[in-house]
Enquirer: 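Sending over a structure as structure tokens; questions will come in a sec.
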Amino acid sequence: MLKVENLNAGYGNLNILRNLSFEVHQGEVVSILGTNGAGKTTTLRAISGLIPVKSGVIHFDNQILNKKSAEYIVKAGLVQVPEDRKLFSDMTVLENLEMGAYTRKARANLKKNLDYCYDLFPILKERTSQFAGTMSGGQQQMLAIGRALMAEPKLLILDEPSIGLSPLLTKQVFDIISEIKNNGVTILLVEQNVNQALQLANRGYVIENGEVVMSGTAQELLNDETLKASYLGIT
Ligand code: ATP
């Protein structure tokens, strides 16, 4: 579904990603792991059309996305929940969810998709008229995921959904991601929370300094001694 080959990208003259390659197949959850500053968010920005691709190829759903606009890429079905969530804080929960439905097809299915979001996140149904900016961090994360689902993504991209959340809320958010996975949505999950991400993912890629340094099935990575020592704090 998504195949990134030898991607090079960065900011201005600054090269951050170096020949980065990874793939996500239909129905999979793939995790991109790495510490602060490894280049995870930059990778997502490049595949979402938010920063230019210097070289390499981004294949998605039988198309090449290099040089396509961010709007085109969302309409093609690659929908991202950014790390800072980018909610419309002066708009209600319902209005935020409705804003997610920006393709014609998603608008036609608005009622059905809204019911799906409310089933997944009952708190959003309870808080339908509340302004997004007044919700707690965990509720805002749920709203951001809900809004992305309203666009009917072929590939849902989550950038550190657990950031800033308590362990309890993190567990709730991961449980919901697992449910979304079981409903057949393909997911690219970017996380620093290696252990929890690999409990959920089928496969993972570890990025350091803009390069893939390790990849494998979730089980292989969980059992890897180097990864255990450097990321999981287990020796
Ligand atoms: P984090 O978990 O902190 O978001 P990350 O793995 O997502 O980490 P990136 O945000 O992709 O890392 O950052 C990779 C590198 O790119 C870092 O060295 C960072 O300082 C640099 N960088 C990020 N955004 C910009 C920018 N707008 N301009 C210049 N350099 C940037």
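What you are looking at is a predicted structure, and each value in this text was computed from that prediction instead of being measured. Both ligands and their constituent atoms are indexed starting at 1 by order of listing.
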Enquirer: How about N195 and Q199: does a side-chain donor come under 3.5 Å of a side-chain acceptor?
Expert: yes
Enquirer: Checking K40 side chain against I207 main chain: does a donor-acceptor pair fall under 3.5 Å?
Expert: no
Enquirer: Between T43 and ligand 1, find which residue part has any heavy-atom pair under 4.0 Å and reply side chain, backbone, both or neither.
Expert: neither
Enquirer: Are any side-chain N or O atoms of N8 and backbone N or O atoms of N19, one a donor and one an acceptor, separated by less than 3.5 Å?
Expert: yes
Enquirer: Please identify which atoms of ligand 1 are closer than 4.0 Å to at least one heavy atom of E160.
Expert: 2 (O)
Enquirer: Taking N66 for its side chain and G56 for its backbone only, find out whether a donor-acceptor pair lies under 3.5 Å.
Expert: yes
Enquirer: Can a donor-acceptor pair be found, under 3.5 Å and without considering hydrogens, that links the side chain of N15 to the backbone of G10?
Expert: no
Enquirer: Taking both backbone and side-chain atoms of G37, is any N or O found less than 3.5 Å from an N or O belonging to ligand 1?
Expert: yes
Enquirer: Any side-chain to backbone donor/acceptor pair from R203 onto E28? Under 3.5 Å, distance only.
Expert: no
Enquirer: At less than 4.0 angstrom from any non-hydrogen atom of Q192, what atoms of ligand 1 do you find?
Expert: 2 (O)
Enquirer: Only heavy atoms of A38, strictly under 4.0 Å: list the atoms of ligand 1 that pass.
Expert: 5 (P), 6 (O), 12 (O)
Enquirer: Which residue and non-hydrogen atom of the protein lie closest to atom 10 (O) of ligand 1, and at what distance in Å?
Expert: T41 CB, 3.6 Å
Enquirer: In ligand 1, which numbered atoms sit nearer than 4.0 Å to a non-hydrogen atom of E83?
Expert: 4 (O)
Enquirer: What protein heavy atom sits nearest atom 9 (P) of ligand 1, and how far away is it?
Expert: T42 OG1, 3.6 Å
Enquirer: Can you tell me if G39 has a non-hydrogen atom under 4.0 Å from ligand 1?
Expert: yes
Enquirer: Output the list of atoms in ligand 1 that are nearer than 4.0 Å to some heavy atom of T35, sorted by atom number.
Expert: 6 (O)
Enquirer: Of all the heavy atoms in I163, does at least one lie under 4.0 Å from an atom in ligand 1?
Expert: no
Enquirer: Got the closest protein heavy atom to atom 30 (N) of ligand 1, with its distance?
Expert: Y11 CD1, 3.4 Å
Enquirer: Do side-chain atoms of Y72 reach the backbone of K67 as a donor and acceptor pair under 3.5 angstrom?
Expert: no
Enquirer: Could you tell me whether I16 approaches ligand 1 through its side chain, its backbone, both or neither, with non-hydrogen atoms closer than 4.0 Å?
Expert: side chain
Enquirer: Has the side chain of R147 got a donor or acceptor atom that lies under 3.5 Å from a matching backbone atom of E98?
Expert: no
